[in-house]
Amino acid sequence: MKVEGKVWRYGDNIDTDVIIPARYLNTFDPAELAKHCMVDIDETFAANVKAGDIMVGGKNFGCGSSREHAPVAIKASGIPVVIAASFARIFYRNGINIGLPLLEIGDAVEKISANDILKIDTDTGTIENVTTGETFKAHPLPPFVQGIAQTGGLINFVKEKGTLSA
Amino acid sequence: MAMTISEKIIARHAGLAEVEAGQLVICDLDLVMANDVTGPPSIKEFEKIGKPVFNANKIALIPDHFQPAKDIKSSELAKIMRDFAKKNKIKHYYEAGRVGIEHVILPEFGIVAPGMLIIGADSHTCTYGAVNAFSTGVGTTDLAVGLATGKAWFKVPESINVKLTGKKPKNISGKDVILTLIGKIGVDGALYKTLEFSGEGVKELTMTDRLTISNMAIEAGGKAGIFPFDEITQFYIGCRVNYPYTPTNADEGAKYCQTVEINLSELKPVVALPHLPENVKAVDELGEIKINQVVIGSCTNGRLEDLQIAAGILKGRKIHPDVRCIVIPGSQEIYKEAIRCKWIDIFIDAGCVVSCPTCGPCLGGYMGILAAGERCVSTTNRNFRGRMGHVDSEVYLAGPYVAACSAVLGKIGVI
């Protein structure tokens, strides 16, 4: 998938409680969750995010609760891909499983600022910062995990195979 | 090849003689667990797969987060899970009045045992490492696939050897051990890795201490936090587990990516300051921090020994006039035993609220939500911004000793 969009930039240790606070977990409707996405650290996000915008965080993005409501809320906000220095483990699995590409780029994330325009090829993991002219390469996914991502998530993967197999 | 506890359990469940860190494997699961927040979306995803549940006896569905229902939407979530449990004859479904906090009752009921491989749609599923299981949190989609296939994929994690030495001093509990460790290695110090505990100090830790420590492995980014099998595990499991299980200890020469030493005898009562569990400071280094609320409970510290510690402090004392102190036994059994021991009398005489088992306030659900500017000392596991209520409230994490003392003092401190 190729995307181009404006950056919403956040810091280190963005936890799933700020991505979608627990007071909104009494539903799992994606559109409803998107209305409250990031509200506790950025009240402007939900109202102003446009389909195709890109979310960029620092290290340990998505730490904390296992709530899949968090990547679901981000995806339903119209964000097609999240970039971070590193992702928390459960959030990372959840992103792959729901078909939200997550690109891990280590310290290179420091070279992306709020409102930069990025051009991304999620299949190759290539990220071009159109604003600064710099290009980065994301850490590649293991082939098995790529397979899950390419079928659009784990449910489709299991439906195609009839079970969970390599 | 010499293997860690994690490698041994994963290899056995992948049908392989050995595995090593970094390898991707598909494993058979011994238990698949969800709660009333994560269960309903998992059920919806499960239904898309179009298969029956893999084994109704190996599934636990625990309504504990917003139950007894805090509002209409939460009640409807609970109903989805209740109807599913009934229709599919799920063995481990417990209704209000018989249920408790998931990570308290699963060990207490003997549903988790040494050597098991468990996934749960709750990040604190790592708690069961205390009873020598490999147990980790997942999201709703992994759980849905687990419900249908009894399988999950894993990247075999590297392990950090947490070597415990020395004797545990008075007034120090598992919470001080794990907060000190997280303070040392940071909230991503164990990212994608397992914490495996070892050393002479392990025998100093009660099962309650171990459950608290394993519970918060995720707060260091860990995939699991596992204790070796010893006499304390044997004693705890002995009267609860009535089926075969496989004690699993690390081989001599197993490979660890890092060793961290903690000398228990040097530990002091600590607190994690807002807004990350790694912001750990000794209580005696803090200035005057006035508080409005104290919570004693949760999957981290809602067990009998935790209530005993709190009752020991609160006996004959009063909660500070400016403080609300909420005590939440983690299970009905714990609640009953605390009544029998007269600790509930102590709490009520001191001026505490005593609630039925629930996750409620820990995640800002209900039963003690904070207003703007309020501070809470809590024996729970997370102090993220807005975790327990208003985005401008503050949570200070501590063990039951510091929490109970602070409730009396009206500020963070020890008596």
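The figures that follow rest on heavy atoms only: side chains count, while hydrogens, waters and symmetry mates do not. Residue numbers begin at 1 in each chain, while the letters A, B, ... track the order of the sequences.
- Interface check for chain A: of the options B:Gly120, B:Gly139, B:Gly386, the most heavy-atom pairs under 4.5 Å are formed by B:Gly139.
- Interface residue A:Phe87: backbone and side-chain heavy atoms are both found under 4.5 Å from chain B.
- Listed for the A:Arg93 side chain is no donor-acceptor partner under 3.5 Å among the backbone atoms of B:Asp142.
- The pair A:Asp17-B:Arg387 meets the salt-bridge criterion, with a side-chain N (NZ, NE, NH1 or NH2) lying under 4.0 Å from an Asp/Glu carboxylate O.
- Looking at B:Pro277, there are no atoms closer than 4.5 Å to chain A (heavy atoms on both sides), in backbone or side chain.
- Taking 4.5 Å as the limit, some side-chain heavy atom of A:Ser86 sits within range of a side-chain heavy atom of B:Leu191.
- When side chains are defined from C-beta on, A:Leu25 counts as touching B:Phe66, because their heavy atoms get closer than 4.5 Å.
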### A:Phe144/B:Ile26 under side-chain contact (heavy atoms from CB on, under 4.5 Å): CA gap, chis, key distance, verdict
CA-CA 11 Å; A:Phe144 170 72; B:Ile26 293 171; 4.2 Å; yes
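- Contact check for B:Val37 versus A:Arg67: no side-chain heavy atoms found under the 4.5 Å cut-off.
- Considering only heavy-atom pairs separated by less than 4.5 Å from chain A, the leading option among B:Asp392, B:Ile218, B:Val187, B:Asp36 is B:Val187.
- Taken from OG1 in B:Thr125 to CD1 in A:Ile90, the straight-line distance is 7.5 Å, to the nearest 0.5 Å.
- Proximity to chain A involves both the backbone and the side chain of B:Arg385, based on heavy atoms less than 4.5 angstrom apart.
- Residue with the most contacts toward chain B among A:Val145, A:Ile98, A:Asn156, A:Ile155: A:Ile155 (heavy-atom pairs, distance under 4.5 Å).
- Per-residue counts of heavy-atom pairs under 4.5 Å with chain A were compared for B:Val25, B:Asp71, B:Asn381, B:Thr38; the largest is that of B:Asp71.
- Side-chain contact check for A:Arg89 versus B:Thr136: some heavy-atom pair is nearer than 4.5 Å.
- Contact detail for A:Lys159 and B:Ile49: the closest heavy-atom pair is CG-CA, 4.0 Å.
- With chain B as the partner, the residue from A:Val39, A:Leu164, A:Ile148, A:Thr163 showing the most heavy-atom pairs under 4.5 Å is A:Leu164.
- Interface check for chain B: of the options A:Ser66, A:Gly153, A:Pro71, the most heavy-atom pairs under 4.5 Å are formed by A:Ser66.
- Scanning both residues, A:Gly64 and B:Phe384, for their nearest heavy atoms gives CA-CE1, 3.8 Å.
- Contacts with chain A were tallied for B:Glu76, B:His124, B:Lys151; B:Lys151 has the most, counting heavy-atom pairs under 4.5 Å.
- No other option in B:Glu45, B:Lys223, B:Lys51 has as many heavy-atom pairs under 4.5 Å with chain A as B:Lys223.
- Open room surrounds NZ on B:Lys155; 12 or fewer heavy atoms of other groups in view lie less than 6.0 Å from it.
- Here the closest heavy-atom approach between residue A:Asn26 and residue B:Lys70 is recorded as ND2-NZ, 4.4 Å.
- Atoms NE2 and CD1, from B:His275 and A:Ile41 in turn, are 12.0 Å apart once rounded to the nearest 0.5 Å.
- In this structure, A:Phe157 CZ and B:Thr141 OG1 are separated by 14.0 Å, a value rounded to the nearest 0.5 Å.
- Minimum interatomic distance between A:Asp40 and B:Val391 (heavy atoms only, all atoms of both residues): O-CG2, 3.1 Å.
- Among the candidates A:Leu154, A:Val158, A:Asn94, the residue making the largest number of heavy-atom pairs closer than 4.5 Å to chain B is A:Leu154.
- The two atoms that bring A:Ser65 and B:Ser123 nearest to each other are CA-OG, 3.6 Å, heavy atoms only.
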